[in-house]
2 protein chains.
Amino acid sequence: MTRATIKDVSRVAGVSIKTVSRVLNKERYVSDDMRQKVEEAVARLNYHPSLAARTLAGRRSFQIGLIHDNPSPYYIFNMQAGVGQRCREANFRMIIQPCDINSPGLVDDIGALIDQAQLDGIIMTPPVTDVGTALAELFRRKIPVVRVQPGTDLTATSAVYIDNVQAADDMTAYLISLGHRRIGLVTGHANYFASGQRLTGYRQALQRAGIGFDAALVQPGQFDFQSGAAAAEALLALAEPPTAIFASSDEMAAGVLAAAHRLGVSVPEQLSVAGFDDTDLAQVVWPSLTTIRQPIRDLGYAAADLLLEFGETIERRQLPHELIVRGSTAGPKT
Amino acid sequence: MTRATIKDVSRVAGVSIKTVSRVLNKERYVSDDMRQKVEEAVARLNYHPSLAARTLAGRRSFQIGLIHDNPSPYYIFNMQAGVGQRCREANFRMIIQPCDINSPGLVDDIGALIDQAQLDGIIMTPPVTDVGTALAELFRRKIPVVRVQPGTDLTATSAVYIDNVQAADDMTAYLISLGHRRIGLVTGHANYFASGQRLTGYRQALQRAGIGFDAALVQPGQFDFQSGAAAAEALLALAEPPTAIFASSDEMAAGVLAAAHRLGVSVPEQLSVAGFDDTDLAQVVWPSLTTIRQPIRDLGYAAADLLLEFGETIERRQLPHELIVRGSTAGPKT
DNA sequence: TCGCGCTATGACAACGTTATCTTATCGGCC
DNA sequence: GGCCGATAAGATAACGTTGTCATAGCGCGA
């Protein structure tokens, strides 16, 4: 027994091949009578159209690509879940392409992917979103692109994002409202524009509260555990250490927690710690993290939605973030 | 400018279409002269063959599927990384199919996937590996299958796995060697055969050391944080609580740590905690976890390797695990 | 009554590869 | 010298869909 083809369906239904194709593609000009006959035949034969043949004959491949260079399992997992969900709803397939933004072959790899699979669209996550040469290649091929949280050429492609400045402002303002005046910030990797945006939000909230900006309280990080721990050690070694540390990612916040544990600084009694992202990690460390919920899964879903609904038409969608208060923050010791 | 086709290549190279195809597929009976001409033309035109056309015309699709129903971001991320790596080396593509083992549509979904994409092979991870109806569907279609850590029908398909019994034995023996006599075990989800195997290893090590088995020390878990925390609370509430707790996953071990923190039990001074998997999580909690390193990425790589190298021929490959000692374990307080 | 536009259906080419079959050339061996 | 097998190359038919064009019926206004 071999796979059923459209020809088999047409024979069983007693109609032409083209009519079957019309029903499958929900085209106009098909009578209810025909539609029903075809649908019955499809069900009876358990027929599934060949994607390869559809791609070859038509101008669509029913596939979109997700290009990323992001080492965070949580981020990628949730992004994939969101994109995958929307793809499934539309009966599309998602091709995952990890890459290395520093590789000289990056542009060729992307081109090869699009050529070989004839993708209908591309979704990119930071930091690939801001690699000019890669973007140029996509424009050259006139393929629809949606970027997640892009940092450059904001209006060049469709995009989904959250308001990072406001989010960091919210968190900083919350810490201030608890009574903190000396608040440390661990910034993110320089490749990510969100890092700078979060710094901006932090400064913005300080200024509004009339708290002077102290550059010594800002430590560079790379979004990972190690750099978070290192930054915390540097901050806690200051002559006048902060009473709260705001890390630009949950992973770094976990690093801050570990450093505090190691140094015997109790959280949140002696030090408040805040993260960013609200990945699963935030609830798995102890104490659980006060953080900004970034709806990564929803961002993925929205990105795929823009691609499927609007295609080349440029659209933008901002998603809401949310301040999540858990056990890692409290007022400063008096 | 439109995509280059094999026809363009043949024109530029001054050879027939079939000869180009031969070179691309590394077939025999091509002179060096021809090969070189073709390769030059391919490079000059930046030609990439259409996967759709290759799939339609040939009997291979250059695509394999990865089917999973696993909620752990770390596990999936690493598995994908391993499979993806091997696929890239072979210029194959990986199609990810999350699923729900309790869904009545599971078998149909898998069938549809295979039909539509004409997959060359399937990789499954637990617990999908042991769903009889799904396996039967795959056999019916005679598609090569590799299962990761299967629990049933061990010889029915190719498989990659670690020795879970030995691994749990190793960890238990290590805890015993530290001086622990009362060792709690948090088991994994009942859907996973590895859960039972780890219990077996635990009992095996106890018996060898002449320590009686106490059923009260074994608490059921589901591989997640919450169940780990709950199990720890139950264990620590015993009249004679354990001095060490071995959780069958790092997530559950994190839950044990959180429960201990909450109850004011210091780790590892008053309680040793051990995990299983050595996902990134193990190094992100505090104190960092003593655990068994399960080479998830390598398992993925090996699974794809078996698929690509052996196809339908059944092969098995066992990968080594490793005991990783970190800060969460120590001798019991005297 | 004619012709026009809309609906509904089908015949057939086209998509870009691989598979199959055929042909041509070259040595070596009886 | 003729025949055979091995090598090298090409012509042409698939593969299973969608796109394009043709055709037929029907209602409606001129």
Side-chain angles (χ1 to χ4, degrees), chain A residues 2-39 41-42 45-63 91-93 112 114-120, chain B residues 2-39 41-42 45-63 91-93 112 114-120:
Chain A
T2 174
R3 292 180 70 231
T5 71
I6 205 172
K7 208 164 170 182
D8 302 325
V9 176
S10 74
R11 201 177 305 122
V12 168
V15 302
S16 77
I17 289 181
K18 183 66 211 187
T19 299
V20 177
S21 173
R22 287 205 174 88
V23 172
L24 294 174
N25 291 288
K26 302 193 204 309
E27 286 176 28
R28 298 192 315 171
Y29 307 146
V30 183
S31 65
D32 289 347
D33 187 38
M34 287 280 166
R35 188 184 316 279
Q36 201 179 333
K37 273 197 283 189
V38 170
E39 279 165 359
V42 165
L45 294 175
N46 192 27
Y47 164 76
H48 299 288
S50 154
L51 244 164
R54 303 230 285 174
T55 303
L56 185 57
R59 31 180 79 98
R60 297 178 301 169
S61 69
F62 305 93
Q63 296 191 313
N91 205 16
F92 263 60
R93 231 160 277 289
I114 296 172
D115 270 359
Q116 289 184 355
Q118 273 137 281
L119 298 181
D120 291 339
Chain B
T2 177
R3 292 181 69 232
T5 72
I6 206 173
K7 209 166 169 180
D8 301 325
V9 175
S10 74
R11 201 177 306 122
V12 168
V15 303
S16 78
I17 289 181
K18 182 63 210 186
T19 298
V20 177
S21 174
R22 287 206 176 88
V23 173
L24 294 175
N25 290 288
K26 303 194 204 307
E27 287 176 26
R28 299 192 314 171
Y29 306 146
V30 183
S31 65
D32 290 346
D33 187 37
M34 287 279 165
R35 188 185 315 279
Q36 199 179 335
K37 274 198 281 188
V38 169
E39 279 165 358
V42 165
L45 294 174
N46 191 26
Y47 164 76
H48 299 288
S50 155
L51 245 163
R54 302 229 285 175
T55 304
L56 185 56
R59 31 180 80 98
R60 296 179 301 170
S61 69
F62 305 92
Q63 295 190 312
N91 206 16
F92 263 60
R93 232 161 276 289
I114 297 172
D115 270 0
Q116 289 184 356
Q118 274 138 280
L119 297 181
D120 291 340

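A, B, ... follow the sequence lines: proteins, then strands. Residue 1 opens every chain.
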| said: Need to verify one output field. Residue with the more 5' nearest nucleotide on DNA chain D, B:Ala57 or B:Val30? | reply: B:Val30

| Distance check: side-chain N/O of B:Ser50 vs OP1/OP2 of C:dT17, anything under 4.0 Å? | no

| In whole angstrom, what separates A:Lys26's NZ from D:dT17's P? | 16 Å

| Within this structure, what is the NZ-to-C1' distance between B:Lys7 and C:dC15, rounded to whole angstrom? | 11 Å

| Under 3.5 Å donor-acceptor pair, B:Arg22 side-chain atoms to D:dG10 base atoms | yes

| query | At under 4.0 Å, does any side-chain N or O of A:Arg59 touch on OP1 or OP2 of D:dT18? | reply | no

| query | Rounding to a whole Å, what distance do you find between A:Lys18:NZ and D:dG16:C1'? | reply | 13 Å

| said: Nearest 0.5 Å, please: how far is OG in B:Ser31 from CZ in B:Arg22? | reply: 11.0 Å

| Protein-nucleotide distance (A:Lys37, atom NZ; C:dA8, atom P), rounded to Å | 14 Å

| field | Phosphate-side-chain proximity, A:Ser16 and C:dG10, N/O vs OP1/OP2 below 4.0 Å | value | yes

| task | Compare all side-chain heavy atoms of B:Arg3 with those of A:Gln118 and state whether any distance is below 4.5 angstrom. | result | yes

| N or O in side chain of B:Tyr47 less than 4.0 angstrom from C:dT17 OP1/OP2 | yes

| said: So, does B:Ser21 get its side chain near the phosphate of C:dT18, meaning an N or O under 4.0 Å from OP1 or OP2? | reply: yes

| Think A:Tyr29 has a side-chain N or O under 4.0 angstrom from the OP1 or OP2 of C:dA8? | no

| field | A:Asp120 backbone acceptor or donor facing A:Arg60 side chain under 3.5 Å | value | no

| query | In whole angstrom, what separates A:Phe62's CZ from D:dT18's C1'? | reply | 9 Å

| Rounded to whole angstroms, how far apart are CG on A:Leu56 and P on D:dG16? | 12 Å

| Can you find a side chain N or O atom of A:Arg28 that sits less than 4.0 Å from OP1 or OP2 on C:dT9? | no

| message | Please report the interatomic distance OG(B:Ser10) to NZ(B:Lys18), rounded to the nearest 0.5 Å. | response | 13.0 Å

| field | Whole angstrom value for the distance that separates P of D:dG16 from CD of B:Gln116 | value | 15 Å

| query | If you measure from CG on B:Asn25 to CZ on B:Arg54, what distance do you get to the nearest 0.5 Å? | reply | 5.0 Å

| To the nearest angstrom, how far is B:Leu24 atom CG from C:dG16 atom P? | 15 Å

| said: Is A:Ser31 close enough to C:dT9 that one of its side-chain N or O atoms is under 4.0 Å from OP1 or OP2 there? | reply: yes

| said: Please tell me if B:Thr19 has a side-chain N or O lying less than 4.0 Å from either OP1 or OP2 of D:dA9. | reply: no

